[in-house]
Amino acid sequence: LKLVIGIVRPEKANDVLEALYRAEVRGVSLSRVEGHGGELERVETYRGTTVKMGLSDKVRFEVAVSDEFVQTTVEALCDGARTGEVGDGKIFVLPLDQAVRIRTGESDEAAVTPVAKR
Amino acid sequence: MSALPAVLTLAQVDTGDTAWMLAATALVLMMTIALGLFYAGLVRAKNTLNTFMMCVAAIGIAGVTWALLGYSLAFDGEGALIGGLGHVGLSGVGFEPRGEGTIPHLLFMAFQGTFCIITVALIAGAVVERMRFGAFMVFAALWSVLVYAVLAHWAFGGGWLAEQGTLDFAGGVPVEMGSGFSALAAALVVGARKDYGRQALLPHNAVYVLVGAGLLWFGWFGFNGGSGLGANDASVLAFVNTLLTPACALITWFVLDLIRGRKVTAIGAATAIIVGCVLITPAGGFISPGWAMVLGFLGALPCYAMIVWRPRTRVDETLDVLAAHGVAGFTGILFLGLVAQIGWNGVADGLFYGDAGQFWSQALAAVVTPAYAFIVTFILLKLVGAVMPLRASEHDEAVGMDVVYHGEEAYVTGEGAILVMPEDDRELLVADPR
């Protein structure tokens, strides 16, 4: 069981969702975050105050999957999010101790979508 | 405009008329800011400021072109196709009334100027979220003279449309059909947003949309209510009709929303207010309050149909200027030809009251105006496009117009913002990719 975290450009979030659905990964959470990943800072001016914006808006996907779906999920995230410019984001894969589907009480591999094929 | 009696009895400024027209002019100017708010709510959050700024830019640009050249071309002399150059740079525009008017010529010029400004701003709705800000400003300057001033001359300034009998109370020709059909041309030349038809591109703030529409309605009392050019019967009739027609359009919209989706929508209501105000714009001072209500109930139908149909096409006329202004203006100008009553307006009867000729005069305007607006705007934008790119790059479109063209964001928290000291400026100019 793994947790895949993908941090992507907000304007690519829809493409990522589409890629994930195509890969039949349907259990997804996403949140809006801000971060810095080496991209060029934007310069903004508000009246007399000029600032460098060190943080950019990003969307963070969290997908819990069974081991055999890790590669598919990572590929879908990459395909959906890549533009080739600095700032496309990162993917982290973490070990996951437990997953529980609240409605049914199912746990672990039975609780993530898609369910691992046996 | 018969000049004969004016020679004998010199026109006098009326203080009551002047007082109302001063207020009405300010009301119409406010409509452009209200339109900015309305449009800003309809776009995605990353394009809020750019969309609003297109309207603000229209005030600066059309305000200047109007004073320098547009006013003269629209209102100097009685040439059939275009006015003269006698009022270039406002020469000869002073405190004395114009023709048989009862308000100072200067005030008349300013009132008409606010119409030119909002019409330029209206077209922005067709090209938001992808047109380059600089290209839009160049286009706005040229359009305000080549299209708006010409149409205003035809309808209001003694040009051929007015001469052959077309009635247009407050701008169905130059403002509503002028903007609506130009918007269609602009959307075709500039092209669709890159994600149009692939992703849902949704309004980001429906409250802005409702507040914007409400303020537009409020301003429209000056727009229509001031188009009698004084505190007179025509203005009162138009003022009252500006209350009634949008109210009726709202009811129709609610019913259509219920039939189509089983829910009454807020953005639909805001749209209905605009549609109602546009419907009554050409007809305001010419038709009875009863017919104004009928116009609201029935006139909303073609506009609603266009708003439902347009997004199914590949034409990304983004904020539906054609439906809300072009189609509604077209409907209003024709409807007026049916139901105008000399008993209410002292000028002419429509087809239902025995004068079929009036209807054909209206129909002529409803054919020629869209054609002129569409063709000239199409060519104009092609020419501007030959000199400079009209569109933002795909990258810039993805990032959003606010950061790219204005270096600001509408919803900024300041987290992660590093203050730049004046001595860092030189380094910034190098670091800034744009």
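Naming convention: chains lettered A, B, ... in sequence-line order (proteins, then strands); numbering from 1 in each chain.
B:E408 and A:T45 get closest at one heavy-atom pair: CG-O, 3.4 Å. The nearest pair of heavy atoms linking A:V51 to B:A417 is CB-CB, 4.1 Å.
Crowding of A:L94 atom CG: a count of heavy atoms from other residues, nucleotides or ligands under 6.0 Å exceeding 12. In A:E34, the CD atom is crowded: over 12 heavy atoms of neighbouring residues, nucleotides or ligands sit closer than 6.0 Å. More than 12 heavy-atom neighbours from other residues, nucleotides or ligands sit within 6.0 angstrom of OH on A:Y46. Shown here is B:R310, whose CZ atom has more than 12 heavy atoms of other residues, nucleotides or ligands within 6.0 Å.
Every side-chain hydrogen bond (donor to acceptor under 3.5 Å, both in side chains) that B:E129 has, sequence neighbours left out, goes to B:R44, B:N47, B:R193.
The shortest side-chain heavy-atom distance between A:D15 and B:Q199 falls under the 4.5 Å cut-off. Between A:M53 and B:V403 there is no side-chain heavy-atom pair separated by less than 4.5 Å.
At a threshold of 4.0 Å, the pair B:K46-A:E11 does not count as salt-bridged, since none of the basic side-chain nitrogens sits closer than that to a carboxylate oxygen.
Residue contact with chain A, scored on non-hydrogen atoms closer than 4.5 Å, is absent for B:E397. Of the atoms belonging to B:E415, heavy atoms from both backbone and side chain fall under 4.5 Å from chain A.
Looking only at heavy-atom pairs under 4.5 Å with chain B, the residue among A:T49, A:T83, A:L55 that has the most is A:L55.
The structure places CZ of B:R198 at 9.0 Å from CG of A:N14, a figure rounded to the nearest 0.5 Å.
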